[in-house]
Amino acid sequence: MPVIMGTAGHIDHGKTTLIKALSGIDCDRLKDEKKRGITIELGFAFLDLPDGQRLGIVDVPGHEKFVKNMVAGAAGIDFVLLTVAADEGIMPQTQEHLEICSLLGIKKGIIALTKTDTVDEDLLELAQEELEDFLSTTFLAEAPIFPVSAHTGQGIEELKQALQKEAAGLEARSDIDLFRLPVDRVFTMRGHGTVVTGTLVSGRISLGEPVIIYPERTKSKIRGVQVHGQSVESVSAGRRTALNLAGLEVEDLQRGDVLARPNTLLPSYVWDVELTCLSSSPRSLKHRKELHFHHGTREVLARMYLLEAEEAAPGETVIAQVRFPSPMVGVYGDRFVIRSFSPLRTVGGGKLLNPLGRKIKRFSSQVDKVRALTEEDPHGLVLAQLELAGSAGLTEPTLQVMTNQSSKRLHKLLQDMSAKQEIFLFDKEEQRYVLGRLIQELIADLLGYVGKYHRSHPMETGISRGRITSEWGRGLPPKLVHFLLEQCLKKQRLVTDQDVLRLPEHTISLARDQSELKEDLIKTYEQSGITPPNLNGVLEELQVSQKEALPVLKLLTDEGRLVKVKDGLYFSTKALERIRKMVLDYFAEHEDLSPGDFKDLTGLTRKYSIPLLEHLDKEKLTMRVGDTRKLRKR
Ligand SMILES: Nc1nc2c(ncn2[C@@H]2O[C@H](COP(=O)(O)OP(=O)(O)OP(=O)(O)O)[C@@H](O)[C@H]2O)c(=O)[nH]1
Ligand SMILES: [Mg+2]
């Protein structure tokens with residue numbers, strides 16, 4: 001298993017010298033580093049362990065001004081080599097580096113008590129005791145301490161053995177197959193072009209694959225892969241990796257960018273997080289405070305919005321939102337570190353809960369939904385993420401980023417959950433899921449809405465699909481509305497006649513006089529055949545008002561017994577069928593039908609013939625060409 005170790009410790013405590021003693025590689029390469037005798041930038045080395053395993057090494061600077069580089073280097077390491085100089089003991093960055101490692105979720109480490117040649121035995125013992133005491137409350141409480149001297153070589157072999165043991169005893173990295181490489185260096189290599197390096201935190205990548213540089217979403221392609229200076233075909237998580245990128249200039253990238261496959265990561269201006277204020281912090285963390293925010297190899301200014309408190313006291317953990325000036329890309333469970341301005345020091349950090357946050361109201365019920373994301377069990381987490389996402393739902397690829405699961409495991413989980421109807425796949429094309437409970441709630445609401453429509457429109461057979469979508473479904477994804485209607489139809493909670501939907505129990509109940517009116521209207525129109533009186537004539541004859549008659553006429557047209565040819569002119573369906581037949585018979589022997597021909601054919605005057613001809617055009621039986629009609633080909 002590939003393993004990467006990172007150094008940590010106060011300035012001048014012998015980190016770089018120790019790495020050189022172990023590996024033979026001098027990580028301080030910059031002119032300035034040589035001149036000043038300190039590390040400024042991250043250094044990279046490797047060590048071939050006695051068992052043949054090659055250990056990747058990241059050497060960090062100890063200077064307090066370069067803590068931001070240290071954070072970038074520590075992101076992605078498997079374990080830490082903490083160095084403490086025997087002659088100086090615990091110093092500010094000893095503590096700060098250890099706190100940073102702890103905030104970053106690093107769980108393992110080894111301690112080198114360096115420069116043993118500079119102290120006598122008594123002092124060494126004292127230093128060791130002080131160190132054990134200091135470590136007892138940290139994640140390194142159980143970690144072994146090795147007294148070493150890079151100058152005399154004392155303890156170096158023992159330390160090497162210990163490193164091998166440490167590397168062999170580590171838990172396997174997560175098997176999440178989402179390729180992600182936070183960039184820590186960008187440079188040009190003669191003959192190769194632009195090269196980036198970083199610790200490959202998850203997934204694998206091969207030569208020739210397309211990649212995206214997030215958050216800018218710049219496209220590129222892998223032109224070369226190197227691990228510890230050797231070209232390889234592909235590389236997987238836990239390796240120090242150098243990638244040669246096609247078609248990009250050095251200016252197109254910077255430390256902090258993240259390489260990933262197209263359409264995987266989700267740039268966002270807002271993250272929901274679990275935030276802890278370090279117990280060593282001199283002050284509480286205040287709502288809306290601007291801070292240095294470190295994630296992966298990126299450092300930005302960000303504002304912390306505390307969602308359920310005005311401040312987080314030292315040692316306290318709260319739910320918060322981070323708002324960024326430019327988009328960030330993260331994955332559920334990612335760690336981050338925050339540092340205050342003055343004094344410039346590490347004050348806290350935490351865990352990313354939702355990499356696709358939306359601004360929410362403080363102290364609202366939404367905050368509870370965010371807090372539910374601290375659930376680490378994948379099943380509970382999927383439910384919590386979908387709950388927060390609401391009716392928009394989440395796609396399967398998005399859920400991978402929001403749960404940090406391998407795509408295989410997630411797919412299986414989603415299928416199991418669908419089978420139990422805990423979640424529903426409402427958009428197959430996008431693989432978009434929504435919470436089952438929400439579906440039940442929406443269906444209940446939809447049926448209530450249709451029922452209400454029936455009550456206010458008792459004379460209508462139902463409500464059109466289009467109206468449901470535009471009125472009830474406003475604000476919901478159209479595909480979700482479609483899915484809900486199909487669910488209702490499948491379970492016969494709604495029935496449909498063409499595009500009109502109704503509750504199964506809905507019938508039109510006419511009052512007695514309405515039923516009579518309905519019969520009278522049918523009789524009137526059927527008796528008058530192809531020469532019906534106009535509506536006013538009908539109303540006069542039946543002694544009813546337009547207001548009374550119109551709903552009944554609408555019902556008759558809905559039921560298909562009458563046809564409205566134009567305002568005020570209705571035909572019985574039978575009469576209109578007769579006219580259609582006459583026209584069809586005519587076209588059996590003729591090409592064109594003029595208004596005159598129509599008059600001869602039917603014996604109807606212009607009052608009827610013009611609206612009828614136009615109606616037949618509208619029905620697409622005929623089409624108008626100049627002054628005549630032609631039969632439309634079916
Ligand atoms: N006597 C003695 N000096 C040492 C030993 N290890 C390192 N030094 C000296 O301590 C000084 C600092 O060593 P570095 O390795 O640069 O320390 P560092 O921790 O990498 O420093 P930064 O990277 O700047 O934080 C150098 O002058 C080293 O020669 C040692 O084992 N014995
Ligand atoms: Mg150094």
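Numbers here simply count residues along the sequence, with the first being 1.
Heavy-atom neighbours of Lys351 NZ from other residues, nucleotides or ligands within 6.0 Å: above the threshold of 12. Other residues, nucleotides and ligands contribute more than 12 heavy atoms inside 6.0 Å of the NZ atom of Lys369. Within a 6.0 Å radius of NZ in Lys286, other residues, nucleotides and ligands contribute more than 12 heavy atoms.
Electrostatic pairing of Glu171 and Lys107 does not count as a salt bridge here, judged by no charged N lying under 4.0 Å from a carboxylate O. Taking 4.0 Å as the cut-off between side-chain N and carboxylate O, Asp26 and Lys34 count as a salt-bridged pair. Salt bridge Glu209/Arg261: present, at least one basic N to carboxylate O contact under 4.0 Å.
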Worksheet item: Given the rule in the side chain to side chain contact (heavy atoms under 4.5 Å, CB included) test, do Arg298 and Asp257 qualify, once you have shown the distances and angles that lead to the verdict?
Response: CA-CA 7 Å; Arg298 196 176 189 87; Asp257 287 345; 3.4 Å; yes

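Rounded to the nearest 0.5 angstrom, Arg358 CZ and Gln321 CD are separated by 10.0 Å. Here the CD-OG1 distance, from Gln128 to Thr116, works out to 11.0 Å after rounding to the nearest 0.5 Å. Once rounded to the nearest 0.5 Å, the distance linking CD1 of Ile110 with CG of Leu82 reads 11.0 Å. Atom-to-atom distance recorded for Glu130:CD and Asp133:CG is 8.0 Å, nearest 0.5 angstrom. Atoms CD1 and CG, on Ile205 and Leu200 in that order, are 8.0 Å from each other to the nearest 0.5 Å. A distance of 7.5 Å separates CE in Met1 from CD in Gln53, rounded to the nearest 0.5 Å.
With sequence neighbours left out, the ring-ring contact (aromatic ring centres under 6.0 Å, His included) criterion links Phe44 to no other residue. His294 is linked by a ring-ring contact (aromatic ring centres under 6.0 Å, His included) to nothing, counting only residues two or more places apart in sequence or in another chain.
Residues Asp177 and Ser406 bring no donor and acceptor atom of their side chains to less than 3.5 Å of each other. With no hydrogens or angles considered, no side-chain donor-acceptor pair links Arg432 and Thr395 at under 3.5 Å. Between the side chains of Gln164 and Gln161, no donor N or O sits under 3.5 Å from an acceptor N or O. Between the side chains of His13 and Gln93, no donor-acceptor pair is found at a separation under 3.5 Å. In this structure, a donor-acceptor pair under 3.5 Å is present between the side chains of Asp184 and Thr197.
When every heavy atom of Val235 is checked against every heavy atom of Thr241, the shortest pair comes out as CG2-OG1, 3.5 Å. Closest approach of Thr194 and Thr188 over heavy atoms only: N-CG2, 4.3 Å. Shown here for Pro61 and Ile40, the closest heavy-atom pair between the two residues is CG-O, 3.3 Å. When all heavy atoms of Leu266 and Val329 are compared, the closest pair comes out as C-CG1, 3.9 Å. Pairing each heavy atom of Thr7 with each of Val80, the nearest pair is C-CG2, 4.3 Å. Heavy-atom minimum distance, Ala85 versus Lys115: CB-CD, 4.2 Å.
Between Leu42 and Arg185, every side-chain heavy-atom pair lies at or beyond the 4.5 Å cut-off. Using a 4.5 Å heavy-atom cutoff, the side chains of Ile145 and Leu135 are in contact.
In this structure, Arg362 is not positioned above the aromatic face of Tyr305 in the sense of NZ or CZ being under 6.0 Å from the six-membered ring centre and within 45° of the axis.
Of the possible polar contacts, one joining the Glu33 side chain to the Arg29 backbone as a donor-acceptor pair under 3.5 Å is found.
Here the options are Leu352, Leu353, Thr403, the test is side-chain contact (heavy atoms from CB on, under 4.5 Å), and the partner is Tyr332; only Leu353 passes. Among Arg54, Lys160, His228, the single residue meeting the side chain to side chain donor-acceptor pair (under 3.5 Å) criterion with Asp48 is Arg54.
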